[in-house]
Number of protein chains: 2
Amino acid sequence: MKLSTQEEYGLRCLLQIARLESTSKQPVTIGEISRVEGLSVANVGKFVRALRLGGFVDSERGHTGGYRLARPATEISVRDVLDTLGGKLFDAEFCEEHSGAIGACTHSVECSVRSLWNSVQFLVDRLLNQISLHDMLGGEREFASCLTERAEGLLQVAEVERDSAGPSLAHEHHPPTP
Amino acid sequence: MKLSTQEEYGLRCLLQIARLESTSKQPVTIGEISRVEGLSVANVGKFVRALRLGGFVDSERGHTGGYRLARPATEISVRDVLDTLGGKLFDAEFCEEHSGAIGACTHSVECSVRSLWNSVQFLVDRLLNQISLHDMLGGEREFASCLTERAEGLLQVAEVERDSAGPSLAHEHHPPTP
DNA sequence: ATTAATCTTGACCTTTTTGTCAGCAAAGGA
DNA sequence: TCCTTTGCTGACAAAAAGGTCAAGATTAAT
């Protein structure tokens with residue numbers, strides 16, 4: 001289970017846009033992000049493009065151009081950002097394509113795996129969904145306590161899910177075809 | 001956040017070895033796994049090799065050869081398997097390499113991200129660590145209830161962690177260098 | 001108008017991951 | 001002994017991901 005570089009750096013770039021914009025009140029340029037993150041300008045360009053296509057930032061061209069958050073940092077959830085930059089743990093597409101001829105999962109482990117990935121994704125989503133960009137802008141200490149608070153909330157949600165027979169396990173999954 | 005094919009299929013192969021061995025009492029051949037999982041023989045060979053190097057299966061050569069679980073299915077945790085097949089969410093290596101010249105994270109977001117990845121990994125690890133191969137061998141229904149039970153336990157552990165200032169957030173992380 | 005600063009895009013190259021192949025090694029049965 | 005069935009390995013090929021580059025488009029300042 002790995003993060004793509006687009007997820008890792010895309011999120012960092014977005015955080016920098018939020019951070020730099022909030023102090024300078026100016027649009028944040030690719031050059032600035034490149035400098036503070038230690039990435040090439042061209043590379044940052046790609047990440048920031050993904051962020052723009054995802055609707056997280058607005059761009060302004062020209063001499064005083066740059067990027068701004070499209071919404072307040074409190075209204076951007078890290079989950080949405082990561083989903084846009086890197087996709088889900090598994091794609092639902094596989095489910096449809098192969099279910100016709102054979103019914104459920106061809107592979108005879110009966111897809112216990114899909115239940116597993118599903119609950120992993122469910123758990124992670126629940127956590128990330130409660131974390132906003134704004135939460136990540138304070139110091140690392142503050143954010144750490146924020147994380148544990150959210151994790152606590154998450155647990156309660158998870159217990160409710162358990163009592164109601166667990167929608168987190170209801171999704172379909174088929175593995176990629178080689 | 002994606003699973004590598006080695007994680008996805010390696011785990012499936014291991015499950016098949018456990019399943020087929022338990023019914024036939026014979027070593028499970030690559031050919032059998034290949035058939036039930038719909039993968040090429042050569043490909044299964046690679047996955048199974050990783051499993052052997054990870055110490056999860058033992059091999060026997062020759063006419064009646066094949067693979068057997070190295071330990072009972074109840075004593076193999078899915079977390080260990082996935083860690084071996086795909087590695088951690090982030091590697092600790094980066095932390096050491098770049099900390100000398102600059103101190104903490106160069107990248108000026110102050111590495112709130114590392115706290116984030118850390119807690120995600122912590123959460124996932126806690127869940128997977130409680131799931132054994134054996135848990136995944138029953139029907140999907142049984143496994144689903146197993147998962148929710150384990151998730152419940154996980155929550156309690158997480159709360160303990162919170163009360164003791166959260167070791168889950170204590171680890172270092174630096175992003176890959178481009 | 002011209003220029004300089006900025007974003008935008010598509011094409012290209014490099015690296016990593018994934019999958020295949022051919023040849024070797026071991027073990028059992030004829 | 002020889003042959004068949006199995007696992008084992010390293011080299012290769014294909015595909016995906018990651019990164020760079022060059023040429024364009026837009027805007028503000030001069």
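Convention: sequence-line order gives letters A, B, ...; per-chain numbering from 1.
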Seminar exercise, completed: In whole angstroms, the gap separating C1' of D:dT20 from CZ of A:F47 amounts to 12 Å

For this session: Among C:dA27, D:dG18, D:dT20, find the nucleotide with the atom closest to the side chain of B:H63.
Result: C:dA27

Seminar exercise, completed: From CD1 of B:I17 across to P of D:dT6 the rounded distance in Å is 15 Å

For this session: Going by the side-chain contact (heavy atoms from CB on, under 4.5 Å) test, name the single residue among B:L3, B:L85, B:V120 that passes it with A:M1.
Result: B:L3

Exercise. Whole-Å distance between C:dT18 C1' and B:K2 NZ?
Worked result: 16 Å

Exercise. By side chain to side chain donor-acceptor pair (under 3.5 Å), which residues pair with B:E60, not counting sequence neighbours?
Worked result: B:R68

Seminar exercise, completed: Whole-Å distance, B:L85 CG to C:dT18 P, equals 11 Å

Problem set entry | Sole residue of B:I33, B:V44, B:I30 in side-chain contact (heavy atoms from CB on, under 4.5 Å) with B:L39 | B:V44

For this session: Determine: side-chain N/O of B:S40 to OP1/OP2 of C:dG19, distance under 4.0 Å, yes or no.
Result: no

Exercise. Will you find, in the side chains of B:D135 and B:S132, an N or O donor that is under 3.5 Å from an N or O acceptor?
Worked result: yes

Exercise. Separation of B:N43 atom CG from D:dC8 atom P, in whole Å?
Worked result: 16 Å

Problem set entry | Salt-bridge present (B:E8, B:R12; N to O < 4.0 Å) | yes

Exercise. In the 5'-to-3' direction, what one-character label does each nucleotide of nucleotides 7-16 of chain C receive under the scheme B = base within less than 4.0 Å of a protein heavy atom, S = sugar-phosphate only, - = no such atom?
Worked result: SSSSB-----

Problem set entry | Note: A:D58-A:R52 ion pair, threshold 4.0 Å (strictly below) | no

For this session: Tell me whether the OP1 or OP2 atom of D:dA29 has a side-chain N or O from A:T64 closer than 4.0 Å.
Result: no

For this session: Would you please say whether a donor-acceptor pair under 3.5 Å links the side chains of B:E37 and B:Q16?
Result: yes

Exercise. Starting at CD of B:Q6 and ending at C1' of D:dA15, how long is that distance when rounded to a whole Å?
Worked result: 17 Å

Problem set entry | Between C:dA5 (C1') and A:I33 (CD1): distance, integer Å | 15 Å

Exercise. Can you check the B:E8 CD to D:dA16 P distance for me, whole Å?
Worked result: 16 Å

